[in-house]
Amino acid sequence: MSTVGTALVIGGGIAGPVAAMALQRVGIDAVVHEAHPGPADGVGGGLGLAPNGLSALGLVGAEEAVRDIGVPVPAMVMRSWTGKELARFGSADGSPVMHTVWRSELYRALCDTAERAGVEFVYGARLKSLQDNGTSVTASFVDGSSATADILIGADGVRSTVRGIIDPSAPGPSSTGLVGFGGWSSAKIPYTDGAMNFVFGKRAFFSYTVEPSGRVGWFANLPRKEHMSIADVHATDLGSWLRVLEETFAEDRVPAVQILRGSSPDQCVTSGTLEIMRPAPRWHRGRVVLIGDAAHVPSPSSGQGASQAIEGAVHLARCLRDLPVEAAFRAYEGLRRERVERITTAAERTNRNKAAGPIARVLRDLTMPPIMRLFAKPDQLAWQYDYRIDWDARVA
């Protein structure tokens, strides 16, 4: 039985509600403290949720709620700018290799599930400082309020306040050199059996999928050396950015331009510059620990960001169930660090291919087909997608 009875979860994004539900399952009462004044409904673009992430959600009773809002993707197809198929990934049994979902809808599904389970959310609680008292932790918030619990979990994202308190010298995120855009299109594109197409274009990266209804979902990664916040991108209206994207993909022999022309600005979103952060040097100190993007950001190119945050939250609860606090935090990091390091490294390679310059692009296009033929097999990705958490196994 856990030696911990209460927890403060700082951050109510993806990892926070999952952590609270997982902790509740092991008998720990967790309250989620979110800096924003209210729920983050309508915030964020599309993302991929991998089978390993969905499986982990099943352990906290949220899998079906998320399946209901997701679109299953039965296969992923890699293409060159000429439209040539370089590789195709699919599961042997025909089950989806991922589900696509809008982040805002995923957030809503997780929060609704957590609230139905009795998890309390406190909004407008921006962390100012914390005090580790040896047997408890007290969090002080900008509005003057405070809260105390046995442990504190930092799930406060890529610019984590908790990470800075644990380790003031910890490096933050770095730019991938790519700006993210995405949206929906009414363009009439032939149905692709639900497969998601990834196109390594001449000048940028483009992805699209056609739903059975005919609606087309897409996202693009546009190389930009300068860092651009969401506000920076919005300084130019999205209609103008759509025209920039049309010009960028004009030479590619894929339906990118047609899809972009069928998109309206009010159906598009931007994430600004995509960021990546290798796992933080230090994940815990005393009775304080990090999860999700506060500890590691493998970048959207991994297709694993949300899934890794979910896995980590579930593993942390298992460790706290079976071990004293200090040993639990060490075991949690031991279970997670090597896996997220490997996923982050793979994402870095993908980002380099997306942002390839003229010479690197030629080399990429020459070498990618034989590399894909050699390595693009279902079992090559099994270590990512087939990963399953054995909830009942005792953590040593």
Side-chain angles (χ1 to χ4, degrees), residues 9-19 34-35 40 43-50 52-53 56 98 101 103 106-107 110 127 153-182 205 219 221 224 227-230 233 269-284 289-316 332-333 335-355 384 387:
V9 179
I10 307 299
I14 302 302
V18 176
E34 168 56 45
V43 177
L47 57 82
L49 194 61
N52 49 292
M98 73 164 58
V101 61
R103 188 192 183 283
L106 174 62
Y107 163 82
L110 294 177
L127 183 68
I153 300 169
D156 50 341
V158 64
R159 286 173 176 77
S160 169
T161 299
V162 179
R163 184 178 67 241
I165 294 172
I166 288 177
D167 182 2
S169 65
S174 59
S175 169
T176 62
L178 301 165
V179 178
F181 298 90
F205 179 86
F219 71 86
N221 296 157
R224 278 291 188 277
H227 186 280
M228 302 186 75
S229 67
I230 294 178
V233 178
V269 295
T270 178
S271 58
T273 293
L274 305 180
E275 294 179 316
I276 192 167
M277 187 181 79
R278 299 203 68 83
R282 189 173 193 131
W283 290 17
H284 54 89
V289 65
L290 302 173
I291 60 172
D293 285 357
H296 46 74
V297 183
S299 104
S301 296
S302 69
Q304 283 282 342
S307 295
Q308 291 312 296
I310 293 164
E311 282 183 9
V314 173
H315 269 305
L316 177 61
Y332 152 71
E333 183 174 349
L335 286 168
R336 302 300 301 153
R337 182 175 284 276
E338 182 180 354
R339 178 164 167 78
V340 294
E341 285 274 10
R342 190 176 176 190
I343 286 171
T344 304
T345 298
E348 287 174 331
R349 288 195 297 268
T350 301
N351 288 334
R352 287 194 293 271
N353 280 327
K354 287 181 176 182
Q384 288 191 46
Y387 182 88

For the student: nearest non-hydrogen atoms of [X] and [Y], plus distance:
{"X": "Gly12", "Y": "Glu34", "value": "N-OE1, 2.7 Å"}
{"X": "Gly53", "Y": "Ile310", "value": "O-CG2, 3.8 Å"}
{"X": "Asn221", "Y": "Gly180", "value": "ND2-CA, 4.1 Å"}
{"X": "Gly16", "Y": "Val9", "value": "CA-CG1, 3.7 Å"}
{"X": "Ala15", "Y": "Gly292", "value": "CB-CA, 4.3 Å"}
{"X": "His227", "Y": "Ser175", "value": "CD2-CB, 4.2 Å"}

Among residues two or more places apart or on two chains, list those pairs meeting salt bridge (Lys or Arg N to Asp or Glu O under 4.0 Å) that have a residue in residues 296-313.
-> Glu311-Arg336, Glu311-Arg339

Which pairs, with at least one residue in residues 290-300 and sequence neighbours excluded, count as a salt bridge (Lys or Arg N to Asp or Glu O under 4.0 Å)?
-> none

Please report the interatomic distance [atom1]([X]) to [atom2]([Y]), rounded to the nearest 0.5 Å.
{"X": "Arg224", "Y": "Thr176", "atom1": "CZ", "atom2": "OG1", "answer": "13.0 Å"}
{"X": "Ile230", "Y": "Thr273", "atom1": "CD1", "atom2": "OG1", "answer": "10.0 Å"}
{"X": "Tyr332", "Y": "Leu290", "atom1": "OH", "atom2": "CG", "answer": "7.0 Å"}
{"X": "Asp167", "Y": "Ser160", "atom1": "CG", "atom2": "OG", "answer": "11.0 Å"}
{"X": "Gln304", "Y": "Ile343", "atom1": "CD", "atom2": "CD1", "answer": "4.5 Å"}
{"X": "Met277", "Y": "Ser174", "atom1": "CE", "atom2": "OG", "answer": "9.5 Å"}

With sequence neighbours left out, the residues meeting salt bridge (charged side-chain N to carboxylate O under 4.0 Å, His left out) with Glu341 are Arg278, Arg337

Check against side chain to side chain contact (heavy atoms under 4.5 Å, CB included), Thr161 and Ile10 | CA-CA 9 Å; Thr161 299; Ile10 307 299; over 6 Å; no

Return yes if some donor-acceptor pair links the side-chain N/O of [X] with the main-chain N/O of [Y] below 3.5 Å, else return no.
{"X": "Asp156", "Y": "Val162", "value": "yes"}
{"X": "Arg163", "Y": "Val158", "value": "yes"}
{"X": "Ser307", "Y": "Asn52", "value": "no"}

Less than 4.5 Å apart, any side-chain heavy atom of Leu178 and any of Phe205?
-> no

Is the shortest heavy-atom distance from the side chain of Val297 to the side chain of Pro173 under 4.5 Å?
-> no

Could you walk me through whether His284 and Glu333 pass the side-chain hydrogen bond (donor to acceptor under 3.5 Å, both in side chains) test, one step at a time?
-> CA-CA 9 Å; His284 54 89; Glu333 183 174 349; 3.2 Å; yes

